[in-house]
Structure formats: structure tokens, C-alpha cells
Amino acid sequence: MSSELHIHNTLSREKEKFVALHPPLVGLYSCGPTVYGDAHLGHARQAITFDVVYRYLMHLGYKVRYVRNITDVGHLENDADEGEDKIQVKARLEELEPMEVVQHYMNRYHDNMRSLEVLPPSIEPRASGHIIEQQELIRKIMEAGFAYEAGGSVYFDVEKFNRHHPYGQLSGRRIEDLLSNTRSLDGQSEKRNPLDFALWKKADPTHIMRWPSAWSEGYPGWHLECSAMSTKYLGMEFDIHGGGMDLLFPHHECEIAQNVAGYGKPSVRYWMHNNLITINGQKMGRSLNNFILLDELFTGDHELLEQAYAPMTVRFFILQAHYRSTLDFSNEALKASEKGLDRLLTALDRLEKLKGGKTSTLDVDGLATRCVDAMNDDLNTPVLIGHLFDGVKWINRLAEGQENLTADDLGKLKFLYSDYVHNILGLRPSEAESAAGTEGLSSGLMDLILEIRSGAKANKDFQTADQIRDALSALGIVVKDRKDGADWEFKEQA
RNA sequence: GGUCGGUUGGCCGAGUGGCUAGGCACCGGUCUGCAAAACCGGGUACUGCGGUUCGAAUCCGCAACCGACCUCCA
């Protein structure tokens with residue numbers, strides 16, 4: 001593929017050339033978490049996938065407005081008719097204000113995201129802060145005749161909508177199939193049709209989160225917030241909407257219907273969906289209760305974990321698979337990522353110390369082209385990483401004098417690596433390493449210690465030399481003897 | 001049941017009509033006081049059966065198995 005960005009559009013099920021609506025601006029929206037619990041590996045995949053989309057678009061020179069919402073109201077436990085709000089349930093169980101629950105898990109989500117080097121979005125709107133906008137959209141949908149009130153609640157009339165606009169295009173469903181598959185309600189429902197979904201729910205007396213409206217004191221339906229908030233911040237039409245594949249139906253399908261019903265046209269040009277993390281071949285999810293929390297990964301505190309994994313290991317693990325493929329969790333795979341990442345980052349350190357020569361024996365421009373092509377081909381990070389490892393071999397050979405690069409080419413290579421590894425993939429050395437760095441006190445001390453050790457080695461006093469190396473190893477520092485002196489680095493933590 | 005997707009070597013995971021993906025693990029070698037790292041070399045692969053083709057892991061058909069969505073789920 002050439003040097004233009006193509007992304008797989010769920011709407012067409014094909015890779016399409018990306019054309020921004022209003023270059024250099026790009027509007028990007030992705031569905032954030034419902035904050036009633038801690039984030040697990042699946043949340044990390046979603047966040048990292050669209051973090052890379054965000055980073056890469058910026059790399060290409062676009063001015064991106066990235067909106068990632070926080071669902072803090074309206075997400076029900078069950079079927080829209082009988083379920084209770086997830087946050088309300090949690091609040092009741094823990095005897096907290098719903099907003100205390102929201103704040104608590106939102107803070108923890110942000111901590112997790114920071115650890116994973118996920119950039120904060122441009123705007124992080126919360127559903128509870130946009131009740132007016134959501135009510136306004138309901139009004140528009142009702143005016144257009146695609147919603148009805150029943151008992152103080154308002155429902156979207158899917159069947160009527162489908163008579164004027166196709167419903168189910170995104171998820172590839174036909175309304176007839178859906179109808180024949182829905183279980184029959186026992187007549188208690190206010191909905192005219194089982195496919196209808198709630199835009200506004202009347203609050204029962206025990207419900208804490210409630211707002212006045214023309215229909216009842218109540219709260220908005222889950223699907224509504226994304227339509228209302230994306231329109232508010234990105235306009236009636238914007239470039240990319242992302243989310244996990246499990247949100248495709250009904251969430252995103254309903255979102256499209258709401259926008260078409262309320263504003264007369266669909267809002268999103270490119271729909272992108274990341275695939276799920278599996279564990280023992282099965283989807284990792286809250287409903288299956290087989291998830292591993294990010295905090296558990298970072299501490300190793302989970303029965304399925306053989307060790308703790310650094311956030312960067314988790315990030316690298318996720319980036320080593322294409323976002324549209326399932327990715328199977330296993331200790332073996334995580335450990336392989338840990339080592340691979342270490343190899344990549346160590347090479348990056350070595351690269352910084354290299355000096356240019358008179359000739360070049362390697363094709364840096366060719367490597368750069370392969371890297372761009374990989375990313376332009378639907379954000380193919382695993383292929384990109386494969387190319388970067390080709391370069392790792394180069395770097396190591398350069399360091400050992402088996403290859404040469406001119407200062408000019410070396411500069412290009414350094415720029416390439418820092419650009420892709422740091423800026424686009426968002427991979428950074430662990431905090432212990434960057435905190436100590438290669439400068440400052442610890443660096444000076446290490447120079448001193450290694451100098452003493454090298455003196456001992458010169459005198460064939462290997463006992464002393466090994467004693468120093470073992471002692472440093474116990475402190476988590478690895479000494480590597482090279483031809484021209486010794487090098488050192490921190491051991492991978494955990 | 002409906003719709004969609006997958007099945008690649010010891011593990012993870014790309015790719016694609018003919019050219020080594022890559023990482024990890026493993027084996028041999030070089031270097032080294034030893035070790036680590038690095039470098040060089042090596043083996044094991046495309047679920048099965050048919051078809052199209054000069055040539056298929058890659059396209060088509062059938063079968064088996066696995067999974068996702070159809071209710072909440074990133």
C-alpha cells in the first residue's frame with residue numbers, strides 16, 4: 001500500500017482511504033468507560049487502540065480533536081425495561097453517593113491510563129453534564145416522529161424508523177431477523193416493540209440520579225449520550241468513531257439511528273472497532289467474570305498471573321497484535337512481550353550513543369518507507385514493530401562496527417525510532433529507568449563503580465569483579481561487559 | 001436458530017497467488033576470564049477434503065472445530 005492512510009471502515013467492511021472532512025482538522029470520538037468498576041485488560045486495548053489512532057493522526061499533521069466520554073449515568077444493568085443503572089447499583093451497595101462512585105472509578109481509570117501512556121483526550125465529557133443536550137435531541141427525534149412517550153419514559157420507535165431509513169447497516173442486521181429473534185415480552189413492557197430502546201427513563205421513587213424533563217423526572221438512555229456529546233463537540237458530521245466490537249450492536253447502531261432521526265443524517269464517516277481480548281479462547285468481559293484488572297496485572301495479584309507485568313509490557317503486548325484481531329491472554333505471551341520490549345528499548349538507548357561515519361551500508365529511507373506503509377495500512381502496528389525489530393538488528397550491528405551510517409543517515413534513524421517508538425506507539429522506558437536516567441548522581445556512581453571493577457579485571461582479580469557484579473545484580477542492576485568497557489542497565493522490574 | 005469472523009510452527013502473532021514477517025522459547029557457533037548482551041547459523045507452519053491455476057497457506061466450494069454479536073460487556 002502506498003503512503004496514504006487507509007482504515008478499515010466497519011460500515012463498508014473494507015479498507016478505505018482516509019479523507020478528512022475538514023482538513024487539517026479531524027474529529028475523533030471513542031466510547032469511554034462506564035465508571036462503576038475498575039478497568040480491565042479489555043479497556044486497555046480499546047484505549048490504547050484509539051490512543052494510537054489519535055497519535056498517528058497527529059503525526060500525519062492533522063489537528064485532532066479527540067473526544068472520549070465518561071458514562072456516569074444511564075447505563076443499565078439489564079434489558080432497558082427492567083435494568084437498574086449500573087452506577088446506582090454500585091452506590092447502593094457501597095452506601096455512597098452515585099457521584100462518589102463515579103469520581104472514585106474515574107480517578108482510578110485516569111491513573112491506569114497514565115500508567116499505560118494513553119494520552120488524555122482533548123475533551124472528556126460526562127453524560128451527567130449533558131442532560132440538556134440529550135433532552136434536546138430527544139425532542140428533535142420526537143418532532144421527527146421517531147420516538148414516543150409511554151408512562152413518562154420515551155422510546156425510540158425502531159420499526160417506524162426502519163420504514164424511512166435502514167436500521168442495522170453498521171452491524172449487518174436486518175430488522176426482520178432481529179424481530180424473529182427477540183424473546184417475547186410478557187406484556188408488561190411499555191415499549192411498542194421489543195427492539196425499541198429507551199431515550200428517557202422515568203425514575204422510580206428509589207432512583208437517586210434524576211433530572212426534571214418534559215416527560216418525567218428521570219434519566220437519559222445509554223445510547224443517547226454519545227449522539228448528543230459527539231454532536232456538541234465534533235459537529236453533526238465528523239470523521240472517526242471508535243469503540244470495542246461489543247459496542248457495535250446495539251450501542252453504535254442505536255447511535256446512528258438517533259442521529260439520523262434527530263438531525264436527518266448519519267454523523268460518522270469512518271467507524272472503527274477494536275477486537276476483544278480473549279482468555280482461554282473466550283472473550284474477557286465483565287459479564288463472564290473472567291477479566292483481569294489492570295491493577296492486578298501491574299501488581300501480579302491475580303490467581304492466573306505468574307508475575308507482575310509493567311504497564312509498558314501490557315501496552316506492547318496489545319500493540320503486537322492488530323487491533324481488529326482477537327488477542328489471547330497468557331503469561332507466556334506477556335513474558336515474550338516483556339523481553340521483546342526490553343530488546344527494543346535497549347537498542348534505542350544504544351542508538352542514541354552511536355556516532356556517524358563516512359559511508360552508509362544500510363537503507364534508512366527504505367526502512368522509513370516500510371514503517372509508514374505499515375501504519376498507513378489500517379494502523380498495522382504488529383508489522384510496524386516487525387520492521388522496528390529489523391532496525392534493532394541494524395542498531396546492534398552498528399554498535400559493533402559491522403555496519404556503518406553517515407551522520408546524516410544516523411540522524412534520520414534516530415529521528416525515526418524516537419518518532420515511532422515514543423510518539424506513535426507511546427512506548428517509554430519504565431519509570432525506574434527514566435527516573436535514574438543515564439545522567440546525574442546514579443550515573444556518576446555507576447561510572448565510578450564500573451571503573452573500579454574494570455581495574456580489578458585488568459589485574460585479573462575476577463573475584464572482586466564478580467563480587468561487584470553480583471552485588472549490583474542484587475540491587476537490580478545488570479552489568480554488561482563490552483569490548484570497550486562495561487555498560488549497565490536496570491533489570492526489568494517484576 | 002440468525003448474522004459475522006476465525007483456524008498459521010513449542011507459544012504469541014503478521015501476511016499473502018510464486019519472494020525469510022517479527023517477537024519469545026529451543027539448538028549450534030562467534031565474542032568473553034566467566035556470565036549477560038550482541039552477532040552469525042539452524043529446525044519445526046499455514047484445520048481437513050475437493051476445485052481454479054504453470055504455481056495456493058493465500059482465490060472458490062464443502063466439512064470439522066472455535067469464537068463474537070443477537071440482553072449488559074472495551
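Letters A, B, ... are given to chains in the order of the sequence lines, protein chains preceding strands, and every chain is numbered from 1. Excluded from the calculations below are hydrogen atoms, water molecules and symmetry mates; all remaining heavy atoms, backbone and side chain alike, are included.
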**Q** Looking at B:G33, B:C70, B:C72, which one has an atom nearest to any side-chain atom of A:Arg453?
**A** B:G33
**Q** Counting primed atoms plus P, OP1 and OP2 as sugar-phosphate and everything else as base, spell out the protein contacts along nucleotides 2-12 of chain B at 4.0 Å heavy-atom distance: B, S or - for each nucleotide, 5' to 3'.
**A** BS-------SS
**Q** Mind checking the CG-NE2 spacing from A:Leu11 to A:His241? Nearest 0.5 Å is all I need.
**A**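 The CG atom of A:Leu11 sits 11.5 Å away from the NE2 atom of A:His241.
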**Q** Out of B:A74, B:C70, B:G13, which has the shortest distance to the side chain of A:Arg286?
**A** B:A74
**Q** Taking atom CD of A:Glu451 as the centre, does the number of heavy atoms from other residues, nucleotides or ligands within less than 6.0 Å exceed 12?
**A** no
**Q** Describe the nucleic acid contact of A:Lys283 in one word from base, sugar-phosphate, nothing, applying a heavy-atom distance below 4.0 Å.
**A** base
**Q** Would you classify A:Thr278 as touching base, sugar-phosphate or nothing, given that sugar-phosphate means primed atoms plus P, OP1 and OP2, and contacts are heavy atoms under 4.0 Å?
**A**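 Touches nothing.
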**Q** Does A:Arg350 pair with A:Glu400 as a salt bridge, N-O distance under 4.0 Å?
**A** yes
**Q** Could you please name the option among B:A68, B:A36, B:A14 that lies closest to any side-chain atom of A:Leu276?
**A** B:A68
**Q** Grab the CG-P distance between A:Asp38 and B:A74 for me, whole Å please.
**A**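 About 12 Å, once rounded to whole Å.
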**Q** Suppose you measure atom P in B:A68 against the same atom in B:G29; what distance do you get, rounded to whole Å?
**A** 47 Å
**Q** Measuring from the side chain of A:Lys86 (C-beta onward, heavy atoms only), which nucleotide among B:C72, B:C70, B:A14 has the closest atom?
**A** B:C72
**Q** Given the P atoms of B:U58 and B:G51, what is the spacing between them in whole Å?
**A** 14 Å
**Q** Taking only the C1' atom of each, what is the distance from B:G1 to B:G22 in whole angstrom?
**A** 42 Å
**Q** Is RNA chain B part of any stem, that is, at least 3 consecutive Watson-Crick or G-U pairs with both distances under 3.5 Å, and where?
**A** B:1-7 with B:64-70, B:10-12 with B:22-24, B:26-30 with B:38-42, B:47-51 with B:59-63
**Q** Atom CD1 of A:Ile395 and atom C1' of B:A37: how far apart are they, to the nearest Å?
**A** 15 Å
**Q** Walk along nucleotides 38-46 of chain B from 5' to 3' and tag each nucleotide B, S or - by protein heavy-atom contact under 4.0 Å, base first, then sugar-phosphate.
**A** SSS------
**Q** Given that A:Gly32 and A:Gly281 both sit by RNA chain B, which one's nearest nucleotide is further toward the 5' end?
**A**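 Its nearest nucleotide being more 5', the pick is A:Gly281.
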**Q** Given atom CZ of A:Arg370 and atom C1' of B:G22, what is their separation to the nearest angstrom?
**A** 12 Å
**Q** Using a strict cut-off of less than 4.0 Å between a Lys/Arg side-chain nitrogen and an Asp/Glu carboxylate oxygen, indicate whether A:Arg55 and A:Asp51 qualify as a salt bridge.
**A** yes
**Q** Identify each donor-acceptor pair in which a side-chain atom of residues 287-296 of chain A lies under 3.5 Å from a protein atom, sequence neighbours left out, and give them as a table.
**A**
from     : atom 1 : to       : atom 2 : distance (Å)
A:Asn290 : OD1    : A:Gly285 : N      : 3.0
A:Asn290 : ND2    : A:Lys283 : O      : 2.8
A:Asp295 : OD1    : A:Asn112 : ND2    : 3.1
A:Asp295 : OD2    : A:Arg108 : NH2    : 2.8
A:Glu296 : OE1    : A:Leu293 : N      : 2.9

**Q** Salt bridge check: are A:Lys335 and A:Glu306 linked by an N-O gap of less than 4.0 Å?
**A**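 A:Glu306 and A:Lys335: salt-bridged.
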**Q** Please determine whether a side-chain nitrogen of the Lys or Arg among A:Arg469 and A:Asp466 lies less than 4.0 Å from a carboxylate oxygen of the Asp or Glu.
**A** yes
**Q** Answer yes or no: does atom CG of A:Asn459 have more than 12 heavy-atom neighbours from other residues, nucleotides or ligands under 6.0 Å?
**A** yes
**Q** For B:G2 versus B:G10, give the span between their P atoms, rounded off to a whole number of Å.
**A** 36 Å
**Q** NA contact type, A:Leu248, heavy-atom cut-off 4.0 Å: base, sugar-phosphate, or nothing?
**A** nothing
**Q** Using the side-chain heavy atoms of A:Gln282, tell me which of these nucleotides is nearest: B:A25, B:A74, B:A68.
**A** B:A68
**Q** Taking 4.0 angstrom as the limit, do A:Arg114 and A:Asp111 come out as a salt bridge?
**A**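 Looking at A:Asp111 together with A:Arg114, the answer is yes, because their closest N to O distance falls below 4.0 Å.
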**Q** Distance check, C1' atoms only: B:U53 and B:A14, in whole angstrom units.
**A** 26 Å
**Q** Would you say A:Lys414 and A:Leu410 make side-chain contact, with heavy atoms under 4.5 Å?
**A**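 A:Lys414 reaches A:Leu410 side chain to side chain.
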**Q** Using a heavy-atom cut-off of 4.0 Å across all strands, would you classify A:His273 as base, sugar-phosphate, or nothing?
**A** nothing
**Q** According to side-chain contact (heavy atoms from CB on, under 4.5 Å), who are the partners of A:Pro121, at least two apart in sequence or on a separate chain?
**A**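 A:Pro121: side-chain contact (heavy atoms from CB on, under 4.5 Å) contacts with A:Tyr66, A:Arg68, A:Glu124.
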**Q** Between B:G33, B:A37, B:A74, which one does the side chain of A:Asp481 approach most closely?
**A**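 Within the option list, the nearest is B:G33.
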**Q** Roughly, in whole Å, what's the span from CG in A:Leu247 to P in B:A74?
**A** 7 Å
**Q** Should the ring pair A:His251 and A:His223 be called parallel, tilted or perpendicular, given that the plane angle runs from 0 to 90° and is split at 30 and 60?
**A**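 Ring orientation, 0 to 90° scale: tilted.
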**Q** When you compare B:A56 with B:C19, how far apart are their P atoms, in angstrom units rounded to a whole number?
**A** 11 Å
**Q** Using atom CG of A:Leu425 as one end and atom C1' of B:G23 as the other, report the distance to the nearest whole Å.
**A**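 The distance from CG of A:Leu425 to C1' of B:G23 comes to 14 Å, rounded to the nearest Å.
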**Q** If only side-chain N and O atoms of A:Ser325 are considered, is one of them under 4.0 Å from the OP1 or OP2 phosphate oxygen of B:A14?
**A**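 Checking B:A14 against A:Ser325, a side-chain N or O does come within under 4.0 Å of OP1 or OP2.
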**Q** Check for a donor-acceptor pair, side chain of A:Arg126 on one end and backbone N or O of A:Ile70 on the other, with a separation under 3.5 Å.
**A**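 Here the side-chain-to-backbone pair does not exist.
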**Q** Taking N and O atoms by type only, does the side chain of A:Arg469 place a donor or acceptor under 3.5 Å from a partner on the base of B:A35?
**A**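 Such a pair exists between side chain and base.
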**Q** Using the test side-chain contact (heavy atoms from CB on, under 4.5 Å), find all partners of A:Ser330 that sit at least two apart in sequence or belong to another chain.
**A** A:Glu332, A:Ala333
**Q** On RNA chain B, does the nearest nucleotide to A:Lys335 precede the nearest nucleotide to A:Phe249 from the 5' side, or the other way round? Give the residue.
**A**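 On the 5' side of the pair lies A:Lys335.
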**Q** What is the separation between atom CG on A:Asp373 and atom P on B:A14, rounded to the nearest whole Å?
**A** 19 Å
**Q** To the side chain of A:Ala465, which of B:C69, B:G33, B:A14 is closest?
**A** B:G33
**Q** Measure the distance between the ring centre of A:Phe389 and the centre of the six-membered base ring of B:G22, then answer whether it is under 5.5 Å with planes under 30°.
**A**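 Stacking is absent between B:G22 and A:Phe389, given that the ring centres and planes do not meet under 5.5 Å and under 30°.
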**Q** Could you measure between the two C1' atoms, the one in B:A21 and the one in B:G13, and give it in whole Å?
**A** 10 Å
**Q** Say you pick atom C1' in B:G67 and the same atom in B:C26; how far apart are they, in whole Å?
**A**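 About 31 Å, rounded to a whole number of Å.
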**Q** Reckon A:Phe462 touches a base, only the sugar-phosphate, or nothing at all at heavy-atom distances under 4.0 Å?
**A** base
**Q** Hey, is CD on A:Gln463 packed in by over 12 heavy atoms from elsewhere, all under 6.0 Å?
**A**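 Not more than 12 within 6.0 Å, no.
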**Q** Answer with base, sugar-phosphate or nothing: what part of the nucleic acid does A:Gly42 contact at a heavy-atom distance below 4.0 Å?
**A** base
